Amino acid sequence: MLEKAYDPKPVEAARLAAWDAARLSHCEPRDGARPYAIVIPPPNVTGALHVGHALNNTLQDAFIRHQRLTGAQTCWVPGCDHGGIATQNVMEKQLKAEKADRHALGRDAFLERMQQWTRDCKKTILGQLHRLGCSLDWEREAFTMDEPRAKAVFHAFKTLWDRGLIYRGERLVNWCVRCGTALSDIEAEREERKGALYHIHYRCEDGSEGVVVATTRPITMFGDTAVAVNPKDARWKRMVGKKVLIPFIDRAIPVIEDSYVEFEFGTGALKITPAHDQNDWELGLRHKLPAIKAIGPDGKLTEAAGPYAGLSREKAQDQVVADLEARGFLRKKEDHKSAVQTCYRCNSVIEPLLSLQWFVQQTELAKAPLKALDAGEFKIYPKNWEKPYRDWLVNIKDWCVSRQIWWGHRIPVWYKDGQKPLVSRESPGAGWTQDPDVLDTWFSSALWPLAVFGWPEKTKDLAAFYPTATLVTGYEILYLWVARMQMMGLAFEGKVPFADAVIHGIVRDKSGKKMSKSLGNVIDPLLMMDKHGTDALRFALMAQAHPGKDIAFDEQSVVGARNFVNKLWNSTRFVLMNLPPPAAAVSYRLEKLPRGRLELADQWILSRYQAALAKARTSLDAYDPAAAAEALYVFLWDEFCAWYIELAKARLLGIDGEEKENARTILVSVLVGSLKALHPIMPFVTEEIYAAVKGYAGESAEFLLQGGYQDAGCDWSNPEAEKEMSRVMAAVTSIRSLRSQLNVPPGLKIKAVAEGPFAPAVIGRHRAYAMSLAQLESVEPVNGGRPPQSATAVAEGVTFFIPLAGVIDFAKERERLAKDLAKAEGDIVKCAAKLRNLSAAASAPVETVAQAQEQHDAALARRDRLKETIAVLS
RNA sequence: GCCCAGUUGGCGCAGUGGUAGCGCGUUCCCUUGACAUGGGAAAGGUCACAGGUUCAAAUCCUGUACUGGGCACCA
């Protein structure tokens with residue numbers, strides 16, 4: 001016998017142990033079954049998982065389990081990402097807390113510590129994924145920096161090099177002063193900040209007035225190599241060709257013309273600093289201007305800044321502005337908002353810096369992904385991300401892949417005086433030194449779907465599971481990761497790495513704010529699992545995972561899901577209580593039911609059951625778990641438990657016979673089929689229940705995943721039964737409502753009489769339903785008119801009179817009925833308007849007209865009954 | 001500046017042409033042999049605004065406002 005309340009902890013532990021022991025989620029490629037593979041977005045080894053990871057991985061697990069239940073051979077590959085800058089930052093913080101730093105430690109010792117950290121962190125993360133119930137193939141664990149992946153990285157680099165798609169060059173790159181490394185364009189985020197626009201006077205070399213330039217960053221003037229004005233700008237025409245002097249250092253720079261310069265902005269004169277601004281860099285190229293670095297990689301001003309050399313950016317800014325003002329160079333200072341670029345890892349302001357870096361040429365590589373998108377070989381769900389994705393590929397710029405950090409794949413290029421650089425994994429010999437930089441962490445991530453299957457080797461796994469089916473990730477890494485995987489996969493294997501990308505939202509706090517440690521609003525998924533159970537957390541997330549939308553996460557939703565889990569548990573308890581002992585039990589299977597002899601509730605629930613399962617399946621096929629969760633929740637709670645179980649009670653308590661057996665068959669079958677449908681979302685409780693009931697269902701699979709979805713055997717769809725049942729329910733509800741409003745004690749059985757076209761059904765074949773669900777002592781036809789001292793309940797096709805001598809308050813009853821009447825009148829107006837509309841239109845569908853007519857007539861009938869009753873009461 | 005989403009009861013969200021739904025919360029009643037992690041009944045919304053298309057609009061179109069996001073930026 002099951003416990004009264006579901007206790008997730010012991011169940012989860014036991015189920016995980018059993019799944020592991022059976023290697024349930026391990027897969028070897030085999031012939032015959034359709035492959036369905038997913039590679040996990042490898043979490044960075046930066047710490048523990050957060051609730052966003054819980055969402056991401058529950059989605060994947062739901063899809064994997066769903067596909068497996070449909071008969072696919074599924075493969076879900078686990079792993080972690082070394083996480084480059086992000087992880088190195090974590091370690092640097094640790095070192096700082098120990099009053100140490102990586103330079104003091106040295107590269108080798110630092111890397112050793114990183115390895116140790118990585119081992120611990122991987123264990124934590126994979127343990128958490130395991131706890132979440134993820135049916136990952138634990139025997140395939142991969143890491144972006146392990147040996148097989150290192151081989152893949154080298155092979156990719158070498159291949160791109162050989163194809164001429166990798167080059168080294170001095171370019172203006174996004175430089176994070178704090179992280180001490182270059183970043184790619186997408187790793188620099190833009191942020192609007194308040195600042196000032198400074199108007200600075202540059203004297204003319206010949207002693208004349210000179211020009212006034214406007215800039216937000218006065219300190220870059222030490223790197224100026226020209227001042228540009230618009231050729232059509234009469235104001236500055238006189239200055240063109242002359243030379244002006246940079247304040248404080250008096251370096252002379254030419255005044256040139258370029259139509260890029262806007263008249264309206266600032267003074268119309270633009271100082272040009274090719275080494276510190278992207279636009280200036282391009283202007284510099286156009287006019288063959290030299291590039292002078294005024295700010296170094298450490299964020300401090302260089303010798304070019306003369307007296308300011310050695311000051312930090314921030315200090316120098318204040319000092320230079322003060323001095324400009326003191327010396328009369330500052331002509332004007334106005335408030336100005338400008339977009340600054342910040343580092344996506346540490347949020348500090350990025351400095352455009354001229355430096356020697358490695359780049360991957362992108363235009364060529366972007367062609368195949370665009371073609372794949374156009375051809376429909378690659379789809380993004382939801383579709384609205386396809387346009388930004390396409391735009392990014394179309395406007396793509398070369399990818400800076402070198403990072404001046406230590407944690408990562410070292411660039412496999414070796415240098416020796418007088419020799420061409422050599423691409424090699426191993427040292428080519430004495431005298432050669434390896435490039436000190438490492439590759440962007442996204443370089444190895446881009447190879448992930450290939451590398452986890454052993455690429456570049458032509459492995460069986462690669463043949464079986466590449467291309468993979470689905471990639472599940474957040475929109476924040478659509479370009480950073482998704483697009484790059486497409487480029488690499490197509491470049492190396494000629495096939496998309498995954499056919500579908502499912503883009504989900506981010507999990508926010510309950511008021512919709514982004515979770516962050518500093519706000520203190522982060523939700524720990526482990527805590528949620530501890531408090532409410534893993535299935536509850538998973539269900540809560542899935543029920544809100546509408547395609548592409550963010551989730552406002554409230555712990556209450558987990559409590560609600562926990563309640564649903566418990567409801568499922570208890571409905572099972574009820575079913576088991578009403579079955580014969582296992583030894584005596586036959587197997588209850590839908591195909592054994594006598595189709596022609598089922599009663600209304602049976603026909604109804606089977607029809608609803610079939611619809612719910614179909615909805616759940618198609619929703620999961622369409623990557624819409626919220627719709628699947630909703631369909632199953634409503635079916636199980638509001639239909640199966642609230643109505644069917646209640647209706648079946650009478651039969652189960654009654655005499656043995658076909659009717660009781662039918663009820664048992666349906667209870668067991670519908671329960672088992674629903675468990676299977678629910679299993680992708682809540683694997684633990686469904687597995688536990690399945691173990692308890694599968695014997696009755698004639699199933700022998702050890703685990704739910706091994707059995708596949710239930711085959712209903714035939715089409716149970718039955719619109720007539722659904723309609724009839726909904727009328728019964730409405731009749732029952734009308735009596736319940738009356739009882740409640742007249743304060744009839746719930747336990748008190750009452751007598752009722754009924755009239756109307758649907759009354760024979762209520763009194764006759766559905767008599768037992770009405771009796772038990774509405775707590776009636778009896779229900780009889782009206783004989784000789786309305787009973788005196790009775791209350792009235794008007795439902796569609798049937799009116800009940802409940803004699804309540806002494807109990808009934810006539811004023812209250814009139815009030816109640818008046819309300820119903822008003823509702824009926826309102827309905828009539830609406831229905832009549834609709835009917836008029838429809839009759840005026842030639843194109844109106846016949847069924848719509850018939851339905852509207854029916855609704856109209858029903859409302860009319862209801863109104864008439866209510867009017868009569870009110871008249872009698874007055 | 002351009003583009004894309006969103007705007008529905010107190011809160012969070014479904015709902016792509018035919019009388020507005022769900023969860024949580026709220027009110028009243030109920031410890032009746034599955035479940036108080038429960039049951040029953042109820043209150044609560046002119047579906048952001050303005051036009052338009054249609055017999056019929058929360059739903060389709062146009063515009064506006066606000067919110068969020070993406071992209072690109074005039075230093």
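Everything numeric here is computed off the predicted structure, so don't read it as measured data. Below, read A as the first sequence line, B as the second, and so on, with proteins coming before strands; counting in each chain starts at 1.
Between B/A36 and A/K4, a contact under 4.0 Å exists linking OP1 or OP2 to a side-chain N or O. The side chain of A/R573 places an N or O atom within less than 4.0 Å of a non-bridging phosphate oxygen (OP1 or OP2) of B/C35. In terms of phosphate contacts, A/K819 brings no side-chain nitrogen or oxygen within less than 4.0 Å of OP1 or OP2 of B/A42. At the phosphate of B/G39, OP1 or OP2 sits under 4.0 Å from a side-chain N or O atom of A/K567. Note on A/N563: a side-chain N or O is less than 4.0 Å away from OP1 or OP2 of B/G38. Under 4.0 angstrom from either OP1 or OP2 of B/U19 there lies no side-chain N or O belonging to A/H856. Side-chain nitrogen and oxygen atoms of A/K549 include none within less than 4.0 Å of the OP1 or OP2 phosphate oxygen of B/G69. Distances shorter than 4.0 Å separate some side-chain N or O of A/W637 from OP1 or OP2 on B/G39.
Atom CD1 in A/I186 sits roughly 9 Å away from atom P in B/C71 (whole-Å rounding). Rounded to whole Å, the distance from CZ on A/F564 to P on B/C35 is 18 Å. If you take CG of A/D638 and P of B/G21, they are 14 Å apart, rounded to a whole angstrom. For the pair A/H546 NE2 and B/C13 P, the computed distance is 9 Å after rounding to whole Å.
In this structure, A/V732 and A/R190 both approach RNA chain B, and ranking their closest nucleotides by distance from the 5' end singles out A/V732.
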Pairs under 3.5 Å (Watson-Crick or G-U), crossing ones as [ ], inter-strand ones as |: RNA chain B comes out as ((((((((.[[[[.)..(..]]]].(((((.......))))).....[[[[[..)....]]]]])))))))....
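Considering only side-chain atoms of A/Q556, the nucleotide from B/C24, B/A41, B/C4 that sits closest is B/C24.
In this structure, A/K649 forms a cation-pi arrangement with A/F574, its terminal cationic atom sitting closer than 6.0 Å to the ring centre and no more than 45° off the ring axis.
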How far apart are the C-alpha atoms of A/R217 and A/E351, what are their side-chain angles, what is the distance that settles it, and do they pass the salt bridge (Lys or Arg N to Asp or Glu O under 4.0 Å) test? CA-CA 11 Å; A/R217 301 195 66 198; A/E351 198 60 54; 2.6 Å; yes
